[in-house]
Amino acid sequence: MKAISKLKNMASSASLSLSRPFSIATFGSRYVSAGSFSLLDEFTNFCYQRDLPRAMKAMDAIQRHGIWADSITYSELIKCCLARGALKEGKLVHNHVFSNGHRPNTFLTNILLNMYVRFSLLDEARALFDQMPERNVVTWTTMISAYSNAKLNDKALEFLIQMLREGVMPNMFTYSSVLRACNGLSNLRQLHSSILKVGLESDVFVRSALIDIYSKLGELHDAQGVFNEMVTGDLVVWNSIIGGFAQNTDGDEALYLYKSMKRAGFPPDQSTLTSVLRACTGLALLELGRQVHVHVLKFDRDLILNNALLDMYCKCGGLEDANYVFTRMLEKDVISWSTMIAGLAQNGFSREALNLFQSMKESGVKPNYITILGVLFACSHAGLVEDGWYYFQSMKKLFGIDPGREHYGCIIDLLGRAGKLDQAIKLIQEMDCEADAVTWRTLLGACRVHRKVDLAIHAAKQVLKLDPEDAGTYILLSNIYANSQRWDDVAEVRMTMKARGIRKEPGCSWIEVNKKIHAFILGDSSHPQIDEINRQLNQLIHRLMGLGYVPDTNFVLQDLEGEQREDSLRYHSEKLAIIYGMMTLSREKTIRIRKNIRICGDCHIFAKLISKMEQRTVVIRDPIRYHHFQNGLCSCGDYW
DNA sequence: CTAGGGTTAG
C-alpha cells in the first residue's frame, strides 16, 4: 500500500497519468533515433487514452521505423478494439506485432487469441493457437472456453485432454469452462473427480458450473449434492440450483430454495426471479407469481425476465395481466411475441392470437419455429381450417421455416377437429419427419371425438409402440375393445400393462387459495374439509341432475384418460377442487385449477354446467390444454 | 490475458 501511495504522489507531482507505464518500449535490433522514440511515445499515449484512430495512425508510423511497443500497451489497444467492435483494427494490430519477424510474448498472444474468440472467429483463433511456440494455462483455457461457448463440446474436451497430455495443469477457469462441454454423465463424473482431487470444488465458479451441468443432464440429485457441500455461498451458486429445479419441473423445490436463499441473506437478481417465475408457471401459482411481479419491477429493462413474467401470466390463465405486461414491455423480441400469441391461443382467444401475429409481422420481428406453432394452434382451436392450412403450406416460403413434427401435429389436430381423418392419416404418411407418440396421440384424440373405432385402435397401437409407458392410452384401448365386446383383446391389453408394470397415475388437482396450495387426489380424503366438500358436491350434483345432468359413466371413446375410476366418477379430483374453490373464493373470482392428467368427459360437462348455473368462471389447465368454462361453454369447443 | 446462473414449444 505504501508503495502505491508513493507512486501516486510521484505521479501527481510530475503530472503524469498513473496508467502510463514507466518502461516505454521494447526495441528492435535497429537503431532508434530520438525522432522515432517520440513516435513510440505518442503511440503509447494514444493507446492509453483509448484514442483508436490516432493510435492506429501512430502504430503505422512506428511500424515504418521497425519498432514495437511493449505488450501492455498493445493489450490496451486490443481492449479498445474489442470495446468498439473494431475487428479490422484488431487484425492490423495482430499483423503489426508479427511484422518483420517480430514475435510477441505468450501474454500478448493470449490477448490476440482472446480477441478472435470474442469476435467469434474460431478459425482465426485456432490458426494463431497452432503457431504459438509456448502455450500456458490461459492459452488452453481461452480455446476451451471458446469451444464450449460455441457448443463444440467434443473440441473442448479434446483440447482438455491435449492440454493434460502436454503437462499443463488446468485451473478453476479451465474447469468452469470445460464443464459446460460435458456431453454425458461419464465425462462429467470423470471431471468431477479430478476437480475433487485437486481441491477446486470450493471455487464458486466451479461449483456453480458443476450444479448447472448436473441439472442440465437431469441429475438433480448430484446437483443438490454439490450444492449442499457449499460452505461459502454466492448468488450464482444459488441461482444455478434454483434454475436447475425450475427447469426440471420441480417447482416446489425451486421455490423452497428461493426462500432459503433469501433467508441466507442473498437478494434475488434477474436470474433468480426468472427461475422463480418459471417455477410458478409450472405449478400454476398465479398469486405467488403476482407477488414476484413486484420484484420484477426493479428490473424493467430485462427482456428475459419480462418474457418469463409474461409466460407466467399466460400459463396461469391471467390473460389480462399478461396483456398488461406485454403492452408495457420496453422491448419485445420473438420470444415475447411468440409467448403472447401462444398464450392467447391456448386460452381460447384464437382470433386475438392471429391479430397479434399480424401486428408482430408489421412490427418487423421475424417469426420463428415456435411462433408458427402458436399460430397453427390458434387456427386449429378456432376451426380455421383454411387459414391453418395456408400458413402450414406457406411457412417455408413466407418465413423460411421448415415444418417440423409439432407443426404437423397442429395440422393433424386441425384436420381431426374438422373430421377430416382421412386427410390427417395421409399427412402422417407424407411427413418428412418420423411420426412420434405425440403425433399418433393427436390422431387418437380426433378418432375419440369422431368415434372412428378402427383408426383409433391403429393409432393407439402406434402410440404404445413408441411410448410403451403411456398408461392413458392402454386404458383407452382397453375401453375401446370392451365397447366392441372384444374381451380377448381387453384381457391382452390388461396383461401387457401388468407385464410392463404400467400403473395409472392417480388423478390430482391443485387449487391455490389464500397463498396456499390445496391438492386433491383421487381416493385420498386427507383434506381437512373433505366432509364438507363431499356434502356440497353431492348437493350440487343433485341440483344439476334436477336440471337434466346425467353423470356419464360410459367412458368409452369419450375419455382419453380421465381419472379412470368409473365407480368414483363423482369424486374426480377436479370436481372436489371446483367445489373447494366455490366454498373459499368470492363469487367474482375465477376458480383456477391445475390437473396432472387430462380432464374426463363427465367433469367437463360438470364444469360447463357449474359455470352457467353458478355464474362462475372456471379455468382448468391439464397437461396439454386449457379449459375456460364460462356461461356453460368451454374455450376448447368440446374438443380435447 | 482465461471461468459460472435466467425466457417461448415438446
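Model, not experiment: these values are computed from the prediction.
A:Ile72 has its CD1 atom 9 Å from the P atom of B:dC1, to the nearest Å. The distance from atom CZ of A:Phe299 to atom C1' of B:dG6 is 12 Å, rounded to the nearest whole Å. Rounded to whole angstrom, the span from the CG atom of A:Asn149 across to the P atom of B:dT2 amounts to 13 Å. Atom pair A:Met143:CE and B:dC1:P shows a separation of 19 Å (rounding to whole Å applied). We find that CD1 of A:Ile401 is positioned 18 Å from P of B:dT8, with the value rounded to whole Å. One can place CG of A:Asn136 at 12 Å from P of B:dT2, the figure rounded to the nearest angstrom. If you take CG of A:Leu113 and P of B:dC1, they are 15 Å apart, rounded to a whole angstrom. The nearest whole Å value for the distance from the CD1 atom in A:Ile341 to the P atom in B:dT7 is 20 Å.
Considering only side-chain atoms of A:Asp234, the nucleotide from B:dC1, B:dA9, B:dG4 that sits closest is B:dG4. For A:Leu305, the listed nucleotide lying nearest its side chain is B:dG6; candidates were B:dG6, B:dC1, B:dG4. The side chain of A:Ile335 lies closest to B:dT8, out of B:dT2, B:dT8, B:dG6. Counting only heavy atoms from C-beta on, A:Asp333 has its side chain closest to B:dT7 among B:dT7, B:dA9, B:dG4. The side chain of A:Gln247 lies closest to B:dG6, out of B:dG6, B:dG4, B:dT2. Nearest to the side chain of A:Asp311, among B:dA3, B:dC1, B:dT8, sits B:dT8.
Because its NZ or CZ atom is not both nearer than 6.0 Å to the ring centre of A:Phe399 and within 45° of the ring axis, A:Lys366 does not count as a cation-pi partner of that residue.
In this structure, A:Arg405 does not reach the B:dA9 phosphate: none of its side-chain N or O atoms is under 4.0 Å from OP1 or OP2. Residue A:Lys216 has no polar side-chain atom (N or O) positioned under 4.0 Å from OP1 or OP2 of B:dG4. Look at A:Ser145 and you'll find a side-chain N or O under 4.0 angstrom from OP1 or OP2 of B:dA3. For B:dG6, the OP1/OP2 oxygens have no side-chain nitrogen or oxygen of A:Arg278 closer than 4.0 Å. Between A:Lys315 and B:dA9 there is a side-chain polar atom (N or O) within less than 4.0 angstrom of OP1 or OP2.
Under the 3.5 Å distance criterion, the side-chain polar atoms of A:His407 are matched with a main-chain donor or acceptor of A:Gly404.
Contact annotation for A:Leu108: no contact, since no heavy-atom pair falls under 4.0 Å across all strands. Residue contacts shown for A:Val204 include a base, since a base heavy atom lies under 4.0 Å away. Residue A:Thr339 is classed as a sugar-phosphate contact, given heavy-atom separations below 4.0 Å to backbone atoms only. Residue contacts shown for A:Ile370 include a base, since a base heavy atom lies under 4.0 Å away. Using a 4.0 Å heavy-atom distance criterion, A:Asp269 is classed as a base contact. If you check every strand for non-hydrogen atoms under 4.0 Å, A:Arg207 touches nothing. Nucleic acid contact for A:Arg118: sugar-phosphate only, since backbone atoms but no base atoms lie under 4.0 Å from a heavy atom of the residue. Contact annotation for A:Val237: base contact, defined as any heavy-atom pair under 4.0 Å involving a base atom. Residue contacts shown for A:Ser240 are limited to sugar-phosphate atoms, with no base heavy atom under 4.0 Å away.
Ring orientation note: the planes of A:Trp140 and A:Phe129 are nearly perpendicular, at an angle over 60° on the 30°/60° scale. The aromatic rings of A:Tyr391 and A:Phe357 sit perpendicular to each other, their planes meeting at more than 60°, with 30° as the lower class boundary.
Between the side chain of A:Asp436 and the base of B:dG10, no donor-acceptor pair under 3.5 Å is found. For A:Ser208 against B:dG4, a side-chain N or O and a base N or O form a donor-acceptor pair under 3.5 Å.
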Legend entry - Verdict with supporting geometry, A:Thr272 and A:Trp238, side-chain contact (heavy atoms from CB on, under 4.5 Å): CA-CA 8 Å; A:Thr272 325; A:Trp238 280 100; over 6 Å; no

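When side chains are defined from C-beta on, A:Ser380 counts as touching A:Arg417, because their heavy atoms get closer than 4.5 Å. Using a 4.5 Å heavy-atom threshold, the side chains of A:Leu344 and A:Asn355 count as separate.
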